[in-house]
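In this text, all values refer to a predicted model and were calculated from it rather than measured experimentally.
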Amino acid sequence: MIERGRAVLVTADDTMLVIRRTRPGIPVYWVLPGGGVEPGDESREAALHREIHEEIAGKADIIRLLHTLETDDERQLFYLARIATWSFEDRTGPEFSAEGRGQYALEEVPLTLEGLDGIDLKPEEIAPVLRGVIGAGSLGVEASR
């Protein structure tokens, strides 16, 4: 089974970092930073730290596992994390230079119901999870500041 880690990266301004994907013939959509767990990764969290470094040259403090989404052949683990620094220009992930992958753009989106409603976040199953915790005020990132 393929495992992937993704992060809801909360900034000091209470926004979240998302990647806007533009691909030929497909409507624009947004994804959370992250990617696959590789055999050399010490843990799922270590894989997520590696992916955050590759994709946005950032370092994050993982707060907690927020949600798990599982299909027959894939498990996606969504973590809540606080991030202080990042540099999209210094990204190093191989996907950015792969031909045919389209464009990647890093954006800050307000971590509000309105902010979520303004983007088409994929996979679509994660948006209701985020709406639920935002609406309940239970993100729990305040204690990590």
In the single-linkage hydrophobic clustering (I, L, V, M, F, W, Y; side-chain heavy atoms under 4.5 Å), do [X] and [Y] co-cluster?
{"X": "L69", "Y": "M1", "result": "no"}
{"X": "Y104", "Y": "I26", "result": "yes"}
{"X": "L65", "Y": "V37", "result": "no"}

Quick one: closest heavy-atom pair of [X] and [Y], and the distance?
{"X": "L32", "Y": "A7", "result": "CB-O, 3.5 Å"}
{"X": "L116", "Y": "A127", "result": "CD1-O, 4.2 Å"}
{"X": "G34", "Y": "E55", "result": "O-OE2, 2.6 Å"}
{"X": "F88", "Y": "A105", "result": "CE2-CA, 3.8 Å"}
{"X": "D117", "Y": "R131", "result": "OD1-NH2, 2.9 Å"}

Hey, does [Y] have a side-chain heavy atom less than 4.5 Å from the side chain of [X]?
{"X": "I83", "Y": "K59", "value": "no"}
{"X": "L17", "Y": "V109", "value": "no"}
{"X": "R21", "Y": "V28", "value": "no"}
{"X": "Y29", "Y": "P123", "value": "no"}
{"X": "V18", "Y": "V31", "value": "no"}
{"X": "E74", "Y": "R4", "value": "yes"}

| request: Please determine which of V133, L9, D13, I134 meets the side-chain contact (heavy atoms from CB on, under 4.5 Å) test together with L111. | output: I134
| Reported OG1-to-CD distance for the pair T15 and E107, which is rounded to 0.5 angstrom | 11.0 Å
| request: Output the distance between atom CG (L121) and atom CG (L130), rounded to the nearest 0.5 Å. | output: 6.5 Å
| Six-ring centre of Y79, R64 cation under 6.0 angstrom, axis tolerance 45° | no
Got a sec: does the [atom1] of [X] have more than 12 other heavy atoms crowding it under 6.0 Å?
{"X": "K122", "atom1": "NZ", "value": "yes"}
{"X": "Q103", "atom1": "CD", "value": "no"}
{"X": "H67", "atom1": "NE2", "value": "yes"}

| request: Mark yes or no for whether D90, through its side chain, and S87, through its backbone, hold a donor-acceptor pair below 3.5 Å. | output: no
| Has the side chain of R44 got a donor or acceptor atom that lies under 3.5 Å from a matching backbone atom of G5? | no
| task | Go through the steps to decide whether I2 and Q76 satisfy the test side-chain contact (heavy atoms from CB on, under 4.5 Å), and finish with yes or no. | result | CA-CA 8 Å; I2 296 170; Q76 291 194 69; over 6 Å; no
| remark: Residues passing the side chain to side chain donor-acceptor pair (under 3.5 Å) test with W86, sequence neighbours excluded, are none
| Sidechain N-carboxylate O distance under 4.0 Å for E51, R6 | no
| task | Flag the pair D120 and R20 as a salt bridge only when some basic side-chain nitrogen lies within less than 4.0 angstrom of an acidic carboxylate oxygen. | result | no
| task | Taking atom types as modelled, find out whether T71 and D73 have a side-chain donor-acceptor pair closer than 3.5 angstrom. | result | yes
